[in-house]
Amino acid sequence: MSPLAPFRNEPVLELRRAAAREQLAAGMEQLELPLRVPVWIADERREGDELVSTDPGAPDRVVALSAKATPADVDAAVEAAGRAFPEWSSRPARERAEVLVRAAALMRERRAELAALAVRECAKPWDQADADVCEAIDFLEFYARGALALERGKPLFQVPGERNELRYAARGVAAVVSPWNFPLAIPTGMVSAALATGNTAILKPAEQSPGCGLAVVRALRDAGVPAEALALLPGEGDVGAALVRHPAVATIAFTGSGPVGLDIVRAAAEVPDGARQLKRVVAEMGGKNCVIVDSDADLDDAVPSIVASAFRYAGQKCSAAARVLAHEAVHDALLKRLAGAVEVLQVGQADAWGTDVPPVIEREARERVERYRAMARETGRVAAAREDALPATGWFVAPTVVADLPPDSPILHEEIFGPLLAVERVRDVEHACDRVDELSFALTGGLFCRNPNTVDYVVRRSPVGNLYVNREITGAMVGRQPFGGNRLSGTGTKAGGPDYLLHFVEPQVITENTVRHGLVV
């Protein structure tokens with residue numbers, strides 16, 4: 001393998017160009033549905049149809065028929081991964097990096113089909129689906145290079161007569177529990193981080209996106225990951241719970257809801273009989289993300305950025321804007337302009353070019369968001385809602401802007417995960433920061449202002465993991481905006497950043513006395 005070039009983000013397609021649209025459309029023609037998703041442990045594949053994923057925009061369309069893993073499958077997968085661990089972890093980082101780079105190349109070749117799968121299975125609009133594939137490729141390339149740097153270790157102080165060395169060793173079997181909203185990028189990132197550092201991995205994809213989970217595992221196995229070193233266990237929450245509690249699982253990488261994440265943290269804290277190490281949890285658990293708009297903000301910049309952050313992919317991103325804290329001097333004008341911008345959003349099926357707001361993932365999600373919308377009508381004011389734009393089929397929710405809610409409204413404090421944006425009036429930036437500080441979440445945040453002193457103040461006050469100034473608050477790029485939250489939004493260092501791989505390794509320090517007496521012949 002020749003030396004790796006410096007990391008560069010995979011460029012997204014320019015979908016205003018007909019050739020780019022035709023490239024992705026060809027991927028939809030290549031999809032043969034329904035996919036058959038197996039429980040895949042080592043070389044054994046067990047197919048079934050106990051788990052069904054459907055198109056959120058056309059619920060009668062079956063995207064994947066999946067087998068459902070059992071507790072016995074969990075045991076078998078962990079046992080196989082444990083057998084594979086000594087050989088995989090002993091490979092030089094360069095060999096593991098080669099595998100990840102080959103997987104990235106395969107995803108580039110399959111880009112159109114992978115994007116089409118995300119459109120169908122998770123209703124990601126074309127631009128979002130293509131970006132999901134690009135981020136998956138970025139994780140593979142970035143962590144391949146990170147593994148090489150990690151193998152070199154870190155410098156320690158040296159003194160005469162002594163040699164000190166810091167190394168990093170893989171921890172063991174990693175359980176990866178991934179979400180549906182980034183069905184390719186997030187599982188690829190968590191699995192590739194584990195594999196790059198010499199761990200073996202078991203992927204439990206979200207029950208809504210088993211087809212995408214299969215695509216991730218297939219790319220990595222086709223690239224050279226040994227069969228026993230990477231298993232696929234589709235299923236429901238009981239599969240993830242069994243993985244989390246298995247005594248031979250060393251690391252748990254999770255992205256999903258706060259309640260599930262906290263259950264994982266609690267379960268991992270219990271040391272089962274026979275366990276030989278403490279479990280480590282890497283968890284990203286969502287947010288209630290606020291955008292502060294000061295009196296001197298350029299509303300021409302603020303309005304489109306807020307609308308994109310709140311409603312793109314129907315607000316189904318953990319980083320999506322959920323609250324706007326607007327200075328009283330601009331509140332009314334901003335609210336009016338946000339309402340006008342919502343009226344021209346393109347609501348439609350994910351496979352239609354130019355769609356801004358697709359359906360939410362499933363019936364239960366639609367019902368949950370509708371309950372919050374009803375609460376907003378009862379306790380506040382609906383400033384805008386695209387009720388007239390909803391397609392006849394699919395789990396659609398009208399993108400909605402609400403205002404005049406009481407300060408203790410659940411809409412202002414609970415994660416909703418849908419196209420609902422609340423706008424609040426604040427006296428000043430200090431008042432806005434006080435409101436942000438009341439939250440238990442601290443994932444992303446935004447600020448629109450022109451005064452550098454205001455930027456400095458908000459940076460000092462903000463508890464969030466990712467603060468965006470005068471731009472959208474979604475769309476973090478691997479290597480450029482390492483992503484992850486604080487407080488109840490997450491634990492650990494940031495995905496796509498220089499420290500993320502440290503989650504998956506144990507540091508070892510070797511100290512050698514170099515003052516030898518005599519010669520050994």
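Throughout, residue positions are numbered sequentially from 1 according to the sequence presented. Please read all numbers here as calculations on a predicted model, not as lab measurements.
- The cationic atom of Lys124 (NZ for Lys, CZ for Arg) lies less than 6.0 Å from the six-membered ring centre of Tyr313 and within 45° of the ring axis.
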Q) Under the ring-ring contact (aromatic ring centres under 6.0 Å, His included) criterion, do Phe504 and Tyr168 qualify, and how do the steps go? A) CA-CA 9 Å; Phe504 298 88; Tyr168 295 99; over 10 Å; no

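- In this structure, Asp499 does not pair ionically with Lys494, as no charged nitrogen and carboxylate oxygen lie closer than 4.0 Å.
- Distance alone, capped at 3.5 Å, places no donor-acceptor pair between the Asp294 side chain and the Leu447 backbone.
- Looking at Leu117 and Cys122, their side chains never come closer than 4.5 Å, going by heavy atoms from C-beta outward.
- Judged by distance alone, with hydrogens and angles left aside, the side-chain atoms of Arg96 form a donor-acceptor pair with the main-chain N or O of Arg91 at under 3.5 Å.
- Counting only distance, with no hydrogens or angles, the side chain of Gln316 and the backbone of Ile361 share a donor-acceptor pair below 3.5 Å.
- The two residues Asp132 and Asn181 have their closest heavy-atom pair at OD2-O, 4.3 Å.
- Considering all non-hydrogen atoms of both residues, Ala229 and Val225 come closest at CB-CG1, 4.0 Å.
- Summarising the geometry of Leu299 relative to Ala333, their closest heavy-atom pair is CD1-CB, 4.3 Å, with the distance given to 0.1 Å.
- Heavy-atom contacts from other residues, nucleotides or ligands closer than 6.0 Å to CD of Glu364 number 12 or fewer.
- Both the sub-6.0 Å distance and the 45° axial angle are satisfied by Arg221 relative to the ring of Trp40.
- Taking a cutoff of 4.0 Å between a charged side-chain nitrogen and a carboxylate oxygen, Asp434 and Arg461 qualify as a salt bridge.
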Q.
Checking Leu13 against Arg111 for the side chain to side chain contact (heavy atoms under 4.5 Å, CB included) test, could you report, in this order, the C-alpha distance in whole Å, the side-chain angles of both residues, the deciding distance, and whether it holds?
A. CA-CA 10 Å; Leu13 292 176; Arg111 176 175 184 161; 3.5 Å; yes

Q | Residue pair Arg167, Glu151: steps toward the side chain to side chain contact (heavy atoms under 4.5 Å, CB included) verdict | A | CA-CA 7 Å; Arg167 296 179 179 177; Glu151 188 178 58; over 6 Å; no

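- Using a 4.5 Å cut-off on side-chain heavy atoms (C-beta onward), Met285 and Phe254 make contact.
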Q: Test side chain to side chain contact (heavy atoms under 4.5 Å, CB included) on Val176 and Ile202 and set out the steps.
A: CA-CA 6 Å; Val176 175; Ile202 300 166; over 6 Å; no

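- Taking the side chain as every heavy atom from C-beta outward, Asp356 and Pro125 never approach each other to under 4.5 Å.
- Between Arg171 and Glu506 a salt bridge is recorded (basic side-chain N to carboxylate O distance below 4.0 Å).
- Atom CZ of Phe448 sits about 7.0 Å away from atom CG of Asp301, to the nearest 0.5 Å.
- For the atom pair Asn486 CG and Ser440 OG, the distance stands at 12.5 Å (nearest 0.5 Å).
- Using a 4.5 Å heavy-atom cutoff, the side chains of Arg386 and Phe311 are not in contact.
- Using a cut-off of 4.0 Å between Lys/Arg side-chain N and Asp/Glu carboxylate O, Asp296 and Arg450 are scored as not salt-bridged.
- Heavy atoms only, all atoms of each residue included: Pro482 and Gly496 are closest at CG-O, 3.9 Å.
- Within the structure, side chain to side chain donor-acceptor pair (under 3.5 Å) contacts touching residues 189-205 (residues at least two apart or in different chains) are Thr197-Asn199, Lys204-Glu207.
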Q: For Ser209 and Glu121, run side-chain hydrogen bond (donor to acceptor under 3.5 Å, both in side chains): C-alpha distance rounded to whole Å, both residues' side-chain angles, the deciding distance at 0.1 Å, then the answer.
A: CA-CA 6 Å; Ser209 55; Glu121 192 164 47; 5.1 Å; no

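- Checking side-chain atoms of Arg145 against main-chain N and O of Ala5 turns up a donor-acceptor pair under 3.5 Å.
- Atoms CZ and CG, from Arg21 and Leu15 in turn, are 7.5 Å apart once rounded to the nearest 0.5 Å.
- Aromatic ring orientation, Trp180 versus Phe417: perpendicular (interplanar angle above 60°, classes split at 30° and 60°).
- A salt bridge links Arg323 with Glu424: the distance from a Lys NZ or Arg NE/NH1/NH2 to an Asp or Glu carboxylate oxygen falls below 4.0 Å.
- Contact check on Arg366 versus Glu362 returns no salt bridge, with no Lys/Arg side-chain nitrogen under 4.0 Å from an Asp/Glu carboxylate oxygen.
- For Arg8 and Glu141, the salt-bridge test fails: no basic side-chain N is under 4.0 Å from an acidic carboxylate O.
- Side chains of Thr444 and Asn289: a donor-acceptor N/O pair is present below 3.5 angstrom, by distance only.
- For the residue pair Tyr372 / Arg368, no side-chain donor-acceptor distance below 3.5 Å is found, with atom types taken as modelled.
- With hydrogens and angles disregarded, a donor-acceptor distance shorter than 3.5 Å links the side chain of Thr355 to the backbone of Gln349.
- Side-chain contact annotation: Thr251 with His503, donor-acceptor N/O pair under 3.5 Å absent.
- Residues Asp222 and Arg110 form a side-chain contact, since some pair of their non-hydrogen atoms from C-beta on lies under 4.5 Å apart.
- The distance from atom OG of Ser319 to atom CD of Glu472, rounded to the nearest 0.5 Å, is 10.0 Å.
- Residue Arg337 places its CZ atom among more than 12 non-hydrogen atoms of other residues, nucleotides or ligands, all under 6.0 Å distant.
- In this structure, Leu338 and Ile306 have side chains that are in contact, with non-hydrogen atoms separated by less than 4.5 Å.
- Between Asp138 and Arg480 no salt bridge is recorded (no basic side-chain N to carboxylate O distance below 4.0 Å).
- Defined by atom type and a distance below 3.5 Å, a donor-acceptor pair is missing between the side-chain atoms of Thr255 and Glu284.
- Taking CD1 of Ile137 as the reference point, atom CG of Leu106 lies at 10.0 Å (rounded to 0.5 Å).
- Between Met28 and Glu113, every side-chain heavy-atom pair lies at or beyond the 4.5 Å cut-off.
- Within the 3.5 Å criterion, the main-chain N or O of Gly286 finds a donor-acceptor partner in the side chain of Ser489.
- Remark: aromatic rings of Tyr143 and Tyr500 are close, center separation under 6.0 Å.
- Here the closest non-hydrogen pair linking Val436 and Cys290 is CG2-CB, 3.9 Å.
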(Q) side chain to side chain contact (heavy atoms under 4.5 Å, CB included), that's the test. Do Val291 and Leu325 meet it? Break it down for me. (A) CA-CA 6 Å; Val291 178; Leu325 302 166; over 6 Å; no

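- No side-chain heavy atom of Val244 sits under 4.5 Å from any side-chain heavy atom of Asp263.
- The OG1 atom of Thr454 lies 10.0 Å from the CG atom of Asp428; values are rounded to the nearest 0.5 Å.
- Pairing each heavy atom of Ala383 with each of Leu335, the nearest pair is CB-CD1, 3.8 Å.
- At distances below 3.5 Å, at least one donor-acceptor pair connects side-chain atoms of Thr400 with backbone N or O atoms of Ala398.
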